[in-house]
Amino acid sequence: MNICQRNLLGTVKNVFLCKNISFNRPKTFLNKACLREIHSTTSFAISTTILGVKNTELKNELESYKPQEKPTMDKFRLPITVKPSIYDLYLKPDLDTGLFSGEIEILASVAYSPSTISLHSNKLNITGVKIDGNVGKFFVDSDHELLTISKEDGSNFENGGVKLKIEFGGDMKNRIVGLYTSTYLTETNEKRQIATTKFEPTYARQAFPCFDEPNLKATYRVKILKPKDSNYIALSNNPQESVEDVENGQIVTFKETVPMSTYLVCFIVSDFQSTDTTFDNNGTPIPFRVFATPQQLSKTTYAGEVGKKVIEYYVSYFGIPYPLPKLDMVAIPDFVSGAMEHWGLVTYRETALLYTEKTHSQANKQRVATVIAHELAHSWFGNLVTMNWWSDLWLNEGFASYIEYKGVDHVHPDWGMLDQFLVDDLHAVLSLDATLGSHPIIVKVETPDQITEVFDTISYNKGASVLRMLENTVTASIFEKGVKNYLNKHKFGNAVTQDLLDELETLVGEKLNVTEFVNTFTIQMGYPILNVTVEGDKYTFKQKRFLKDESMVDKTNTPYNYKWTVPITYVTDQGKSTEYILFKHTDDSVTITKPATAKWIKFNYDQVGYYRVNYPKTEWNNLINVYTSLSVADRTHLLEESFSVAEAGQLSYEIPLSLTQKLTEEVDYVPWNVAASMLKKIKGFLKGEVETNFKKYIQRITNNAYSKLTWTENVDDGHLKRLARVVVLNLACSVDHEECLAAATEKFNEWIQNIETVSLSQDLRGLIYQFGMKTANESTWNKMADVYVKESDANEKLKILKGLASVNKEDLLKNLLTKGEDESFVRSQDYFSLLAYISANPLGESLVWDYVRTNWEKLVQRFTLNDRNFGRMVGTITSDFSTEERLKEMQDFFAKYPNAGAGASARVQALEKVNNNIKWKNAYQKNIEDWITTNAPKKL
């Protein structure tokens, strides 16, 4: 029984929850996928009787979603008349020509006797179709990426089973999604080709015709043709079953898979090698391999070690064995995302999987650990249980983005990962979600552009942040048990948000309305700020929506009128509160009494709650005075919150700037991470003498940490100390700290003059490249460019590329822009990083903006408007714009090229960002300058 049938037929509460909104509310809001399912499972009359509502309430909506016999030009969703059960796929990639061909047999079930069958196909050449062995007719709708099949005699399909056989071909070259080629150079400088895939979210249809929607799960029988060359292997989701020699290669057959969505299918033909181990799967050893190019095999060891420990932790945490008979992880030279959770065959960028202590930094190591932990979490949350439709993407990505921290914390408890969540996930989304360019977690999407666009900060970071708050509210034990129950109930199937909430609701009981609590954060964008008034020991809270610009008017309506149910927690000098105080979205205010013997109180301990708190000035000063008594997370919280509330004009900048004076006593990584970010942001708005004075102030508050951390590394330095050293030295050099710049320049010159013999620190070499290159001449720049070309390690190449982009010579930056057009110089996957690096250089900001506008059509042709990274690029390179002239240029550019594809939201966010920059300068720059004039000269 599928999810909608359960909601229809099993509803004791007389509530239909496909969209998390019940019928006992004034307005009915139905999920389209569930409306389709109503028709496919039961009659209209029975449905409405079971639901206990009048026919008139549902008639229009239900009638509009009766199954369609053929797709219409304004619909991207498939009719529900056909559901696949088994794919038999034979794929023949040709590594020499970059072309591929294939044939597929699909066993499916048919209902409603449709006259046509529609499935997805994009960029494929369909050469033949058979229906149950008979030749069929077909029509390709390129606009909607649909292949429509009909019988030769025009008769309808009979209800029951049908077998479709389709022959097809395509091109793997000049792309980085679907089925595509990737290349690398061997140690002898020989170019090698591989074929690989990336199907999420809507790219499986570029490799083979399929029913490319996440709730149309099926099993897969896969055969792949590979070269006879014994160095080459073929990989897919399941283990290899047999190998057959044929005239033009070898056919590798794989065992039939479990039911899964199309976007999780994966094929690779390569000459990669692996490090092999096993992991314990509740007493059963599972083969676990990590693949890379032969010359980088030594860099796979750590990935295998951390992956083994993480997945064994997940087997225990989820209470469900890993569902497949093997697990492979593969480093792909050209990869559009950080990684992809293809089930049983997880693919990664090289920067996200390869690591050795000799060649990579601690930041690189942490990146590898967190990405692996994220992708392996998907084996349960996303792969075993998949969201019913992309509107609930956060069930996949939000959960994996949160649970990855538990996974890495289990492997490396000394890394402080639960504190790092604040700076790596929470703060970025709090910034975005305080603008009108945000969107709800659960959002309507239909087209491929809309679907790929929703893979963003909201789905990942806000989803993770809401789950973190939810777990803290219901307790960790109940959260874990609820997750286990959810996964067991829906395994190998699909689910919607309400299914997870139902399991938690059952465990929590009447203490908390979990659905209402979570819905206030998922079906409306934004979050609240709680403004506090104090009378004695009584703290009274009122809430309102937090926006960076309160003059902006949001005309959208929500069921909760932008009010939230907030679990308020606090910490005092006596410890953390053991219970939360619930501020319901229906309450006007709530009052909390400070414990009688407590000397101070800070709300939202460890910044676990997804909300802000603004205190009266006296209370802020009290917290500043006890800053050094607070935990790492609470110190970080005060810094981020005070600056963010001041940025929105709801707090004097005197508070966050006074708080920075406490940094003279700070040496920990996480607080310094947020402080450096906030101080650099303000510095970027200042000019002339005021900027100079502010730099001197930052130098002074940084001096203590700088002198303790220094450029000298010790073998017993811990992970967090190494990360802190990079942040502090970076900040010091960026504000022209003389000793810092001198050290960076000296180390850079020593290295560039003796590249073969001088080895730079793995943690500090990125800083040395960046600040050492600033004053370099053309000869030095060219020498470093040569090093970049010869370097094979992907992480190292990015560090060198950032160094090349940091030079203070405009002609060299122009040269770098030109070189970037050559994919043999900069891989397509790194191109947007190149533009970001150059635009971050004050000399490069205008160069990149002018270049992008001039070459827009060429860039669109290269990357397509469906590329979400391309769509977000404009927001990245314009993020520091702060003049009306620049804003007008952006508006004119968007008007000239109105089709934004997967970058539509990014454009809205970019314009709002620049608008806010302009308003900030007008409203707050004078206040900052006055504070600097008064305080910067003071000795600390």
Side-chain angles (χ1 to χ4, degrees), residues 617 620-621 624-625 627 635 638-649 651-667 671-710 724 726-745 767 770-771 774-775 806 808 840-845 879-883 916-940:
K617 182 178 180 180
W620 274 112
N621 286 329
I624 291 173
N625 290 335
Y627 173 86
R635 300 200 306 273
L638 282 188
L639 286 162
E640 188 274 338
E641 191 125 282
S642 60
F643 272 104
S644 298
V645 177
E647 181 185 356
L651 179 68
S652 168
Y653 263 104
E654 176 187 351
I655 296 299
L657 290 172
S658 296
L659 186 57
T660 62
Q661 295 175 336
K662 291 292 183 178
L663 293 172
T664 57
E665 302 173 73
E666 184 64 77
V667 291
W672 265 116
N673 182 301
V674 70
S677 174
M678 293 298 183
L679 291 168
K680 286 179 182 179
K681 184 176 182 179
I682 291 176
K683 178 180 70 71
F685 288 125
L686 305 177
K687 304 297 178 187
E689 184 180 357
V690 176
E691 181 189 10
T692 301
N693 288 337
F694 193 51
K695 285 181 178 179
K696 290 179 179 178
Y697 170 72
I698 296 173
Q699 290 173 26
R700 285 201 296 274
I701 61 175
T702 309
N703 267 336
N704 183 50
Y706 180 89
S707 62
K708 287 185 176 180
L709 295 168
T710 75
V726 173
V727 168
V728 170
L729 296 186
N730 185 299
L731 177 62
C733 283
S734 71
V735 295
D736 301 333
H737 189 290
E738 289 185 10
E739 183 181 332
C740 186
L741 287 176
T745 303
L767 291 177
Q770 180 183 350
F771 293 103
K774 280 189 175 296
T775 57
S806 300
N808 284 336
N841 185 331
L843 286 178
E845 185 180 74
S879 61
D880 291 333
F881 287 2
S882 58
T883 65
N916 286 338
N917 289 348
I918 295 169
K919 291 179 179 179
W920 187 95
K921 289 180 69 174
N922 292 336
Y924 310 123
Q925 186 168 345
K926 182 63 165 58
N927 296 340
I928 298 286
E929 291 175 352
D930 289 345
W931 190 91
I932 294 170
T933 300
T934 303
N935 293 276
K938 293 182 179 178
K939 291 185 178 181
L940 298 173

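Two residues are said to be in side-chain contact when any heavy atoms from C-beta on lie closer than 4.5 Å; Asn927 and Ser652 fail this criterion. With contacts defined as side-chain heavy-atom distances shorter than 4.5 Å, the pair Glu739/Tyr706 qualifies. Side-chain contact between Glu647 and Tyr924: absent, with no pair of heavy atoms (C-beta onward) separated by less than 4.5 Å. Looking at Ile701 and Leu679, their side chains come closer than 4.5 Å, going by heavy atoms from C-beta outward. Taking 4.5 Å as the limit, every side-chain heavy atom of Val645 sits out of range of all side-chain heavy atoms of Ile655. Between Asn841 and Asn808, some side-chain heavy-atom pair lies under the 4.5 Å cut-off.
Judged as a side-chain hydrogen bond (donor to acceptor under 3.5 Å, both in side chains), and not counting sequence neighbours, the contacts of Tyr653 are Trp920. Contacts of Asn730 classified as side-chain hydrogen bond (donor to acceptor under 3.5 Å, both in side chains), with partners at least two apart in sequence or in another chain: Lys680. Glu691 meets the side-chain hydrogen bond (donor to acceptor under 3.5 Å, both in side chains) test with no other residue; sequence neighbours excluded. Every residue two or more places apart in sequence or in another chain was checked for a ring pair (Phe, Tyr, Trp, His ring centres under 6.0 Å) with Tyr627, and none qualifies. Residues meeting the side-chain hydrogen bond (donor to acceptor under 3.5 Å, both in side chains) test with Glu640, sequence neighbours left out: Gln607, Arg612, Ser644.
The line from CH2 of Trp620 to OG of Ser642 is 5.0 Å long, rounded to the nearest 0.5 Å.
Under a 3.5 Å cut-off, the side chain of Asn693 and the backbone N or O of Thr933 do not form any donor-acceptor pair. Side-chain atoms of Asn704 never come within 3.5 Å of backbone atoms of Glu665 as a donor-acceptor pair (strictly under, hydrogens ignored).
None of Leu731, Leu663, Val735 except one satisfies the side-chain contact (heavy atoms from CB on, under 4.5 Å) rule with Thr702; the exception is Leu731.
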* Could you go through the side-chain contact (heavy atoms from CB on, under 4.5 Å) check for Gln661 and Asn935 one step at a time? => CA-CA 10 Å; Gln661 295 175 336; Asn935 293 276; 4.1 Å; yes
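Contacts classified as salt bridge (Lys or Arg N to Asp or Glu O under 4.0 Å) and involving residues 919-934 (residues at least two apart or in different chains) are given here: Asp549-Lys919, Lys926-Asp930.
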